[in-house]
Protein chains: 2
Amino acid sequence: MSHTLGIRQAQKQKTRQALLDAALGLLEEQSLSSLGLREVTRAVGVAPTAFYRHFRSTADLGVTLVEEALGSLHPMIRTTVHPSDTSDERIARAVELIARHVAANPAHIRFIARERHGGVQPVRAAIQDQLARFAEDVKAELAMDPVSAGWHDDDLLMLAHLYVDQMLMTASLFLDALEATEEERERIAQIATNRMRLISIGRRHWLD
Amino acid sequence: MSHTLGIRQAQKQKTRQALLDAALGLLEEQSLSSLGLREVTRAVGVAPTAFYRHFRSTADLGVTLVEEALGSLHPMIRTTVHPSDTSDERIARAVELIARHVAANPAHIRFIARERHGGVQPVRAAIQDQLARFAEDVKAELAMDPVSAGWHDDDLLMLAHLYVDQMLMTASLFLDALEATEEERERIAQIATNRMRLISIGRRHWLD
DNA sequence: AATTCCGGAGAACAGTTGTTAACTGCATGG
DNA sequence: CCATGCAGTTAACAACTGTTCTCCGGAATT
């Protein structure tokens, strides 16, 4: 099935990835709406015009970055929310997993948090789209849980979105604490855990 | 106490406000990190150099905008969260109030949501600072409620931050639906209400 | 082996940016 | 009434931007 692509397309994808990586790096200290295409090509060491061989504009590149950052995260989300063990265990696992993911891919997370409400409409739309898909995933997993018996479909989706937003908030908190001490990060993990716990408690008593 | 300032300082504050207003308008379709000072002065109809009489940089202007957008909101927050009537009544009142505030000041809210994780550090810091103060306000009001008896201080602050974040999320949702139909906005209000309700339920059963 | 394809380079374009310096006119305080 | 202060102007600066067109070299195709 997998066709080893010629050295031509290989080179193309290589510079394309270099452009994406360079852009992601530059976006740590600015927003996408101020990212110039020359800036990116300069960072890669390539002519400005080469940019057009890969992206129509920086906004287009941004949409690709959204895909790169969130596209492969769906399985991760599903297994995390999957109702297998205790609620508290699940929460602890989720917080731990978020902390690891942020530490491993800080630039991607920062990009998403920044551009979710950023100044470039297509990118905003792409992020909203991915987050909505996350919410659908979460909803599907929540529906399997016996706790969700008797719930309205709308309320289940509401809760799913609440969880997704919470995960992003948590990620953003860890992001700000990347340079901080171990104790500080532990404190943040504790707060994030308690937030999730409180929401889960609300969930259990929703139908009272 | 109030000293009517001379026609000199009056004119100065007038153009200063014009700069702020023009910037806020331009920021509806871009991020602060891409806002140029010439762009702003051009929109006002004033020489580029005049900008320096009022702000050191666009980042400086941004910090002022944060103050303008959030500075006067503290009393509003306190009275909204104040434990006077039923929890459900309080929530309905809060959602209604947020909807009105967003409809009345969309640009300010958009600016805050956008720059909260935006690319300009001083502005980010100013927003975080204001939000932290909101959380302190909310915590103080929550502490008055008998429901909060026996709560740890940390958990009370955790809940306060959760409420603050929730308000901003709700505001952002209303923002995206400004152009939408009345029914759509009503649907969003319903979802936001349910989110708050679920959190409040979690709060009531926190000490179980 | 000859030809086509195409990622990237190079140069040039009109227009933009932030910042500087020296100025002008008018409200202000003595 | 006159001298000072100061908001805003004008002009100029080097540096930067996105985009177009033309070209090159080497991989891909025939």
Which pairs would a plain distance check flag for residues 115-123 of chain B, meaning a side-chain donor or acceptor within less than 3.5 Å of a matching protein atom at least two apart in sequence or in another chain?
from      : atom 1 : to        : atom 2 : distance (Å)
Glu115(B) : OE2    : Leu32(B)  : N      : 2.8
Arg116(B) : NH2    : Asp165(B) : OD1    : 2.9
His117(B) : NE2    : Ser172(A) : OG     : 3.3

I'd like to know if [X] and [Y] make a salt bridge, using a cut-off of under 4.0 Å between side-chain N and carboxylate O.
X	Y	value
Glu96(B)	Arg100(B)	yes
Asp154(B)	Arg187(A)	no
Arg203(B)	Asp145(B)	yes

Next item on the list: Enumerate the residues from residues 19-35 of chain A whose closest heavy atom to DNA chain D is under 4.0 Å, giving them by residue number; use none for an empty result.
Entry: none
Notebook entry, point to check: Quick one, which residues of residues 44-57 of chain A touch DNA chain D with a heavy atom under 4.0 Å?
Noted result: Thr49(A), Tyr52(A)
Item checked: Polar side chain donor-acceptor pair, Ser34(B) to Ser34(A), under 3.5 angstrom -> no
Next item on the list: Test salt bridge (charged side-chain N to carboxylate O under 4.0 Å, His left out) on Glu182(A) and Arg185(A) and set out the steps.
Entry: CA-CA 5 Å; Glu182(A) 173 59 34; Arg185(A) 272 182 286 131; 3.4 Å; yes
[N] [atom2] sits how many Å from [X] [atom1], rounded?
X	N	atom1	atom2	result
Lys14(B)	dG8(D)	NZ	C1'	14 Å
Arg42(B)	dT16(C)	CZ	C1'	8 Å
Gln13(B)	dG8(D)	CD	P	11 Å
Gln11(B)	dA7(D)	CD	P	12 Å
Arg16(B)	dA7(D)	CZ	P	12 Å
Gln17(B)	dA7(D)	CD	P	17 Å

Next item on the list: Give every residue pair that meets the side-chain hydrogen bond (donor to acceptor under 3.5 Å, both in side chains) criterion with at least one member in residues 39-51 of chain A, sequence neighbours excluded.
Entry: Gln30(A)-Glu39(A)
Note to self: Between Asn194(A) and Arg197(A), is there a side-chain heavy-atom distance shorter than 4.5 Å?
What the structure shows: yes
Check: So, do His101(A) and Met76(A) sit near enough that their side-chain heavy atoms are less than 4.5 Å apart?
Finding: yes
Nucleotides 26-30 of chain D: which of its N/O atoms have a protein N/O under 3.5 Å away?
from    : atom 1 : to      : atom 2 : distance (Å)
dG26(D) : N2     : Arg8(A) : NH1    : 3.1
dG26(D) : N2     : Arg8(A) : NH2    : 3.1
dA27(D) : N3     : Arg8(A) : NH1    : 2.9
dA28(D) : OP1    : Ile7(A) : N      : 3.1
dA28(D) : OP1    : Arg8(A) : N      : 3.2

Checklist line | Nearest-nucleotide comparison on DNA chain C, the residue closer to the 5′ end among Thr15(A) and Thr58(B) | finding: Thr15(A)
Notebook entry, point to check: Quick one: side-chain contact (heavy atoms from CB on, under 4.5 Å) partners of Arg114(A), sequence neighbours excluded?
Noted result: Ser31(A), Arg110(A), Arg124(B)
Notebook entry, point to check: Taking the side chain of Arg38(A) as heavy atoms from C-beta outward, which of dT19(C), dG18(D), dT16(C) is closest to it?
Noted result: dG18(D)
Check: What are the two closest heavy atoms between Ala43(A) and Leu26(A), and how far apart are they?
Finding: CB-CD1, 4.3 Å
